[in-house]
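First up is the structure itself, then whatever we jot down about it.
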Amino acid sequence: MLDRYEKIVTGRIRRIVLLIAASLEGDAYGVTITQEIEKQTGRTVGFNTVHTTLQRLEEKGFITSRMGGATAERGGRRKRYSI
C-alpha cells in the first residue's frame with residue numbers, strides 16, 4: 001500500500017503527464033512526453049514511470065491511444081496518446 005508521500009508523488013506525475021500530453025496535441029508518445037517533462041521541470045523522469053502512468057491513465061479513461069505507422073528510421077510503430 002502506498003504511503004502518503006508516494007500518493008502525492010504519484011498524483012503529481014499523473015497531472016504532469018496529462019498536461020504535457022494535452023500540450024503536445026496529438027504528437028504525444030512516451031518518449032516525447034518524457035523529454036518534455038524533463039525540459040519543462042528540469043528533473044529527470046524515467047521512461048518506465050511515464051509509460052506506466054500512461055497505461056493507468058488510459059485504463060481509467062483519461063486518455064486514449066492509437067498506433068502510428070512504422071517509420072523507415074525507427075522500424076517500429078509509436079503509440080500516440082490524446083486527451
Side-chain angles (χ1 to χ4, degrees):
M1 187 147 178
L2 296 176
D3 67 14
R4 185 171 183 255
Y5 176 76
E6 290 172 317
K7 287 180 183 177
I8 291 170
V9 170
T10 300
R12 286 183 182 167
I13 291 171
R14 281 189 205 133
R15 286 191 299 271
I16 291 170
V17 169
L18 275 171
L19 288 169
I20 297 293
S23 72
L24 292 172
E25 299 178 354
D27 195 30
Y29 63 100
V31 173
T32 58
I33 292 171
T34 302
Q35 291 170 342
E36 193 63 24
I37 290 171
E38 291 176 358
K39 179 179 156 188
Q40 296 284 336
T41 66
R43 295 182 159 218
T44 302
V45 61
F47 175 74
N48 290 338
T49 301
V50 172
H51 182 71
T52 301
T53 302
L54 287 166
Q55 285 180 323
R56 290 181 179 160
L57 289 170
E58 187 173 19
E59 288 170 2
K60 293 180 179 192
F62 289 107
I63 61 174
T64 59
S65 67
R66 62 181 167 73
M67 294 302 289
T71 61
E73 66 273 356
R74 200 173 162 273
R77 297 168 42 176
R78 292 179 175 165
K79 190 172 191 178
R80 299 189 183 275
Y81 296 90
S82 60
I83 295 180

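- Considering every non-hydrogen atom in both F47 and T34, the closest pair reads CD1-OG1, 3.8 Å.
- Nearest approach of Y29 to Y81, heavy atoms of both residues: CA-CD1, 4.2 Å.
- Rounded to the nearest 0.5 Å, atoms OG1 (T53) and CG (N48) are 10.5 Å apart.
- Under the 4.5 Å side-chain heavy-atom criterion for grouping Ile, Leu, Val, Met, Phe, Trp and Tyr, V50 is not connected to L19 through any hydrophobic cluster.
- Note that CD of E58 is 13.5 Å distant from CZ of R56, once rounded to the nearest 0.5 Å.
- Under a hydrophobic-cluster definition in which Ile, Leu, Val, Met, Phe, Trp and Tyr are linked whenever side-chain heavy atoms come within less than 4.5 Å, directly or via other members, I13 and I16 are assigned to the same cluster.
- Residues L54 and L24 share a hydrophobic cluster, clusters being chains of Ile/Leu/Val/Met/Phe/Trp/Tyr side chains in contact below 4.5 Å.
- The two residues A28 and I33 have their closest heavy-atom pair at CB-CD1, 3.9 Å.
- Residues T41 and I37 come closest through the heavy atom pair OG1-O, 2.7 Å.
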